[in-house]
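Everything below concerns the one structure shown next.
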Amino acid sequence: MPARWDATAPARESAILTAAAGDAPALGIPDTWQARVVAMRQEADGVLSIDLAAADGTPLPAWEPGAHIDLWPTAERAGQYSLCGDPADRSVYRIAVLRGHEHGGVSQFVHDRLRVGDTITAGGPRNHFELAHAPRIMLLAGGIGVTPILPMARAAVAAGADVSISYCGRNAASMAFVGELGETGARLELHVSEDGNRLDLPALVAEAAESGASIYACGPERMLGELELLAERTGAHAVFERFSGVEAHREGDRPFTIALGRSGGEVEVGADETAIEVLHREGFDIRFSCREETAAPARPA
């Protein structure tokens, strides 16, 4: 179908935003700020946690479980990462980043180039995955989707809810924050694929529907897609957050045209291409975060 691209800011040269680069370029986004890396830890295979403080030493904005921040290693590209620390601690934000596979991605920059003492442009926090009070809450995490689940568990237990956590991972070595989850006071069940201990998701959703529990889930698209279908069939209440997008190319895709508002030109996007791929090929600098394995807005089922 026809599409129109409205440019919101002039193109600008990409620049790595570390301490060596000096002040960050103005991104034209109201809530961007300079963050300083104060600690980094290897939490699991491929998972690195980063503690960020305000570069000017001021207290950070308040946040609630489910919130995320943006990281801008270049002026055009951002990644979104859920906050997984303590909301009461306004001196530091903690995030955890899974190393992605895409060359030049934000997660690769974080793992390979970001170091303690560096500064980087951040944005937010914002919350599209808010935790509502309920008598019984079932938390479901898949892989790096554990990050928003951890502060949710603490908050729900503190509010007096009956809380259970189902944490799914490929293998034990890849599963971050298991010890901290065990200290929340919630009932914790680990489901490790390589050990043959897979989660029975239909049974979990059926239990939620029968008991009236609210499900909060974050994880890979396959898990969340199944959860969405099961919740629709059973009437269970489920809220979830995706950290990876759907497939870019699907059967039945058709070519379309992008109209360029500033130049007045047009570019054609083939059925087997994405708008980002074509615009980059044509030499346009654009901002995007959709190629990162990071959080996306929650969708209630």
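All of these numbers come straight from a predicted model, not from anything done at the bench. All residue numbers in this chain count up from 1 along the given sequence.
Between the side chain of H111 and the backbone N or O of V97, at least one donor-acceptor pair lies under 3.5 Å. The backbone N or O of G117 lies less than 3.5 Å from a partner atom in the side chain of R36, making a donor-acceptor pair. Judged purely by atom type and a 3.5 angstrom limit, R115 uses its side chain to pair as donor or acceptor with the backbone of D112. Remark: side-chain polar atoms of D31 are not paired, donor with acceptor, to backbone N or O of G123 under 3.5 angstrom. Between the side chain of N127 and the main chain of P65, a donor-acceptor pair closer than 3.5 Å is present. Although no hydrogens or angles enter the test, the distance criterion places no donor-acceptor pair under 3.5 Å between the side chain of W63 and the main chain of R90. Between the side chain of Y216 and the backbone N or O of A153, no donor-acceptor pair lies under 3.5 Å.
Residue pairs that meet the salt bridge (Lys or Arg N to Asp or Glu O under 4.0 Å) test with at least one member in residues 39-67, sequence neighbours left out, are R41-E43, R41-D51. Listed by first and then second residue, the ring-ring contact (aromatic ring centres under 6.0 Å, His included) pairs involving residues 153-186 amount to none (not counting sequence neighbours).
The environment of Q42 atom CD is dense: over 12 non-hydrogen atoms of other residues, nucleotides or ligands sit within 6.0 angstrom.
Alongside V38, the hydrophobic cluster contains V92 (criterion: ILVMFWY side chains under 4.5 Å).
Using a 4.0 Å cut-off between charged side-chain N and carboxylate O, R94 and D86 make no salt bridge.
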